[in-house]
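Reckoned from all heavy atoms, side chains included, excluding hydrogens, waters and symmetry mates.
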Amino acid sequence: MSKYDCTKTELKWQKIWDKSKLNSADLKSSKKKYYNLVMFPYPSGDKLHVGHWYNYGPADSWGRYMRMKGYSVFQPMGFDAFGLPAENYAIKTGVHPSKSTAKNVETMVKQLKRIGCMYDWDKMVNTSDPEYYKWTQWLFLQMYKNGLAYKKLSSVNYCPSCKTVLANEQVWDGKCERCKSDVQNKELEQWSWRTSKYSQRLLDGLEDLDWPEKTKLMQRNWIGRSEGIDIYYDVDGLDEQISVYTTRPDTNFGATFIVVAPESEFVKKNFDEFKDKKAVEEYVREAGKKSDIDRIAEGRKKTGVDTGLFAINNLNGKKMPIYVSDFVLAHVGTGCVVGVPGHDIRDFEFAKEKDLEIVRVVVGDDGDKSPIESAEQVQEENGTMINSDFLDGLPIMEAKEKIKDHIEKDGFGKRVVNYKLRDWLLSRQRFWGAPIPIIYCDKCGEVAVPEKDLPVELPEDVDYMPKGGEKSPLETSKKFVETNCPKCNGKARREVDTMDTFVCSSWYYLRYLDSQNKKDPWDKNVAKNWMPVDMYIGGPEHACMHLIYARFVMMALHDFGYVSHDEPFLKLIHQGLVTKSGAKMSKSKGNVVSPDEFVEKYGSDVFRMYLMFMGPFTDGGDWNDRGITGIARFVERFWSMIIEKSEVKDADGLKRAVHKLVKRVTRDIEKMHFNTAVAALMEFVNFASKNGVDDSAKKICVQLIAPLAPHLAEECWETLGQKYSVVDSKWPTFDEKLVIDDTVVLGVQVNGKVRGEIEVAKDAKQEDAIALARKNPNVLKHLSEGKVVKEIYVPGRIVGFVVK
RNA sequence: GCCCAGGUGGCGGAAUUGGUAGACGCGCUGGAUUCAAAAUCCAGUUCUAGCAAUAGAGUGCGGGUUCGAUUCCCGCCCUGGGCACCA
């Protein structure tokens, strides 16, 4: 018997696939399409680790399965190549990001090819390629032209010692990860896209998507729709109003103070009216020094300054002191909060700190009507109104509507729908990204780069070392910065900020559809047929950022008339996380496991199946290599089953076993339960080694294993004299009649405990089954312990007796 | 703190959503083969007692519904993930 040589066989078939262009999808084909997409990787120096394989292997198996089901499957691959790590690597080693990235891409392509996935390499994309980011810039211009891109002052984390802007992940405990200095908040003019304009559509669109409920829920929370009311409070003695958004107007009789954010308009406008200007000025300055993260990390202790001003509650004429405090953020809501300390924990904490009045207006289920003195008594949900004039006695939900009507009627408030979703701030003060295609002219002001001048290429002569202050390192390239105005041809300067890498990844699924096209970002007709993506597979960590950005971009492009659909991803699956010793794999933890040595030793088919065999695809798990030999043995046994002659002992039994196998493997793959699909095939191989197999059974087995072990299947298929390629053969079907056995073995229970078993026809009558069960000596023994009061028979499942 | 998942042998995991818990694989034990080992093949393997038939216990813990619960209900504990001064 000849052993199965995995390496030789796998390399052989990879070469044949490559040569025959087996995996190049014909995007103009009229066959029913299936766009099977995995989230593209970031080309890091870590190379691909087992987590990538855990994702890509099963995703490819799914694509192969769909292909055998008769679809024209398109499976592209590319690289999300811009980003921080390459830039940091450059700062550390002096190697230009384009060089290190190119090298990483090369290694990863080599690794990816070794998996043997059916990637269509002709359509590969690399987001740092000028031919790609040209269109990322084009996308920016479309947003700009259509009023969805705008500039505003926004705050960033700034390290005064490194003189550079930091990403959130570079800030540790409010300190710069590199030099440990305190990180500051700095306001810079930055570009944003109006995602908030699409809040309601992003929310509504979720309804029809075949996504995990968990992910939809996360997006709903992220978008954060709430129905509330803006209430206006007159400021005592001034011609001024404070507007506050609240979802809890029902508690407004319990309002005792107002808090405004240090950066709010109110503070700027009314500064001269404040009692202790110095204290407020000082407080605002201190708050400005803190980064957002620092402000959060400060703990639960509340601080603030009394402005000396009062606001009037129009409900009851109450005068409420106005405070400035940093627990209120200017960019959330209206930047002002009405303090209801009896029914909001944060307000309660602030009131305790400042010794402000606390009024109870809600009685909870416990019926406690006593004054609120401790945080535990703060009643936020459920209850009945008290001390609230005309609302007294109403449940919260009813009181909410009644008071909204009242406030609107009296004209000191208006119902509004509010969303937490903010606009997408996409300016980055970094080198390794797509330059924002805007020019500032001395005469004409802000001018968009004409589309014919794209791409705005990244310069070679830039100094990317961090010393540019609050500007991007691109500022150091004269050649880049200095340009002429496209309008007047006068002296002008380029925008030096680059775009968030999420912009690059927000539209790549469209570029794949025509990655060689130099005239257009994609072929409109091809996109019309191939979008939306039928299956999108990637990590759950992208539930809110990437998956909202991509949906937003698709909707915007649809509105501009460039695409026919407004949702990019029809079905979404998250693969599970593979950990090592319980921790996420990362270079810093030094626990990255490389797949390479396992692939070399056992082959990629074995490695892929082993990862699948770990458990359900969506679960993930902790990596260890114990047990990989089990899959290697299985592959050997499978190979022997195919090449060795055997004698069939029971032809009917074999036929039934094959039909059962087809049913199980089909069902398991449909559910993405690859682990049990492999187990079913193992069981069949065990069965075959005892009972023999014929050629037709062999053929079906090879087809069933083809999505899971593509190289092995191809070799077996050829050995059986079948026509290349197995992935283009039709997925086997089964006959439901042959899956059900004529006889079944049933357990016999006495008072719920199994006391024996009987074999009966699958549709045996109750009397017959009960009679047979009564003949079992052990059952009889337990029946004799009392009187049988009930007989139970569930055909195909169980026989039971109740004895008393 | 809030919102999701999840907790099953020595290990990874199965169980047709109320019907014989532990499929499949790893590991372990014994046997065959071999001068010997590796590899391979065969048998066994939840725990306790027993030579065995069998009995008792058993799906994180405590209750409940039911002839019967890993599955349904109530209360707790633990682990993983997400969000967090968001008004």
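- Comparing the C1' positions of U71(B) and G64(B) gives an interatomic distance of 15 Å, to the nearest angstrom.
- Nucleotide G1(B): paired with C83(B) (Watson-Crick or G-U wobble, both distances less than 3.5 Å).
- Comparing C61(B) with G7(B), their P atoms are spaced 13 Å from each other, to the whole Å.
- No side-chain N or O of Tyr793(A) forms a donor-acceptor pair with one of Glu767(A) less than 3.5 Å apart.
- No engagement by Thr579(A) is indicated, since no non-hydrogen atom pair under 4.0 Å with the nucleic acid exists.
- Spacing between atom NE2 of His542(A) and atom C1' of G81(B) amounts to 15 Å, rounded to whole angstrom units.
- Regarding Asp622(A), its CG atom lies at a distance of 15 Å from the C1' atom of G81(B), rounded to whole Å.
- A14(B) is unpaired under the Watson-Crick or G-U wobble criterion, no partner having all donor-acceptor distances under 3.5 Å.
- Residue contacts shown for Pro540(A) are absent, as no nucleic acid heavy atom lies under 4.0 Å away.
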Extract all donor-acceptor atom pairs below 3.5 Å that involve side chains of residues 741-748 of chain A and protein atoms in other chains or at least two apart in sequence.
| residue | atom | partner | partner atom | Å |
| --- | --- | --- | --- | --- |
| Asp741(A) | OD1 | Lys660(A) | NZ | 3.3 |
| Asp741(A) | OD2 | Lys660(A) | NZ | 2.9 |
| Thr743(A) | OG1 | Glu759(A) | OE2 | 3.0 |

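- Between C4(B) and Arg220(A), no contact under 4.0 Å exists linking OP1 or OP2 to a side-chain N or O.
- Side-chain N/O atoms of His574(A) and Thr215(A) include a donor and acceptor closer than 3.5 Å.
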- Annotated protein contacts, base or backbone, on nucleotides 20-26 of chain B with a non-hydrogen cut-off under 4.0 Å, one of B, S, - each: B--BBSS
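- Ion pairing between a basic and an acidic side chain is recognised when a charged N comes within 4.0 Å of a carboxylate O; Glu353(A) and Lys302(A) show no such pairing.
- Two residues, Gly620(A) and Lys790(A), neighbour RNA chain B, and the one matched to the more 5' nucleotide by heavy-atom proximity is Gly620(A).
- With a 3.5 Å ceiling on both atom-pair distances, G22(B) lacks any Watson-Crick or G-U wobble partner.
- The shortest distance between the side-chain N/O atoms of Lys753(A) and the OP1/OP2 oxygens of A57(B) is below 4.0 Å.
- Note: CZ (Arg667(A)) to C1' (U16(B)) measures 6 Å, nearest angstrom.
- Across all strands shown, C41(B) forms a Watson-Crick or G-U wobble pair, both distances under 3.5 Å, with G31(B).
- With hydrogens and angles ignored, the 3.5 Å screen pairs no side-chain donor or acceptor of Tyr610(A) with any backbone N or O of Ala632(A).
- Remark: G9(B) base-pairs with no nucleotide in the shown strands. Criterion, Watson-Crick or G-U wobble with two distances under 3.5 Å.
- A 3.5 Å limit on both hydrogen-bonding distances identifies U46(B) as the Watson-Crick or G-U partner of A57(B).
- Taking atom CG on Leu421(A) and atom C1' on A87(B), their separation rounds to 17 Å, with Å as the unit.
- Salt bridge present: Glu227(A) and Arg225(A) bring a charged side-chain N and a carboxylate O closer than 4.0 Å.
- Taking the six-membered ring for Trp, Phe598(A) and Phe607(A) have ring centres closer than 6.0 Å.
- By the rule that a glycosidic angle within 90° of 0 means syn, G56(B) does not qualify and counts as anti.
- Taking the six-membered ring for Trp and the full ring otherwise, Tyr323(A) and Phe350(A) have centroids separated by under 6.0 Å.
- Ranked by how close their nearest RNA chain B nucleotide is to the 5' end, Arg755(A) and Thr246(A) are led by Arg755(A).
- Rounded to an integer number of Å, the gap from CG of Asp344(A) to P of A84(B) is 18 Å.
- U45(B) sits 40 Å from C77(B) when the P atoms are compared, rounded to a whole Å.
- Tested against Tyr4(A), the residues Trp639(A), Tyr602(A), Phe638(A) include a single ring pair (Phe, Tyr, Trp, His ring centres under 6.0 Å) partner, Trp639(A).
- One C1' atom belongs to G10(B), the other to G27(B), and the distance between them is 8 Å to the nearest Å.
- Applying the 4.0 Å criterion to OP1 and OP2 of A55(B), one finds that Asn778(A) has a side-chain N or O inside that range.
- You'll find that the side chain of Lys690(A) is closest to A43(B), out of C67(B), C83(B), A43(B).
- Using N1 to N3 plus N6-O4 or O6-N4 for Watson-Crick, or N1-O2 and O6-N3 for G-U wobble, each under 3.5 Å, C51(B) pairs with nothing.
- Taking every side-chain heavy atom of His782(A) into account, A55(B) is the closest of A55(B), G82(B), G12(B).
- What separates NZ of Lys214(A) from P of G82(B) is a distance of 9 Å, to the nearest Å.
- G22(B) sits 13 Å from U16(B) when the P atoms are compared, rounded to a whole Å.
- Rounded to whole Å, the P atom of G80(B) lies 22 Å from the corresponding atom of C85(B).
- Separating the P atom of G6(B) from that of A55(B) is a span of 35 Å, rounded to the nearest Å.
- In this structure, the CD atom of Gln219(A) is 14 Å from the C1' atom of C83(B), given to the nearest Å.
- At the phosphate of G13(B), neither OP1 nor OP2 sits under 4.0 Å from any side-chain N or O atom of His673(A).
- For U71(B), there is no paired base (Watson-Crick or G-U wobble, both distances below 3.5 Å).
- Going from the P atom of A32(B) to that of A37(B) covers 11 Å, rounded to whole Å.
- In summary, the side chains of Arg755(A) and Gln749(A) do not present any donor paired with an acceptor at a separation below 3.5 Å, with no hydrogens or angles considered.
- Atom-to-atom, CG of Leu577(A) to C1' of A5(B) comes out at 13 Å; the value is rounded to the nearest Å.
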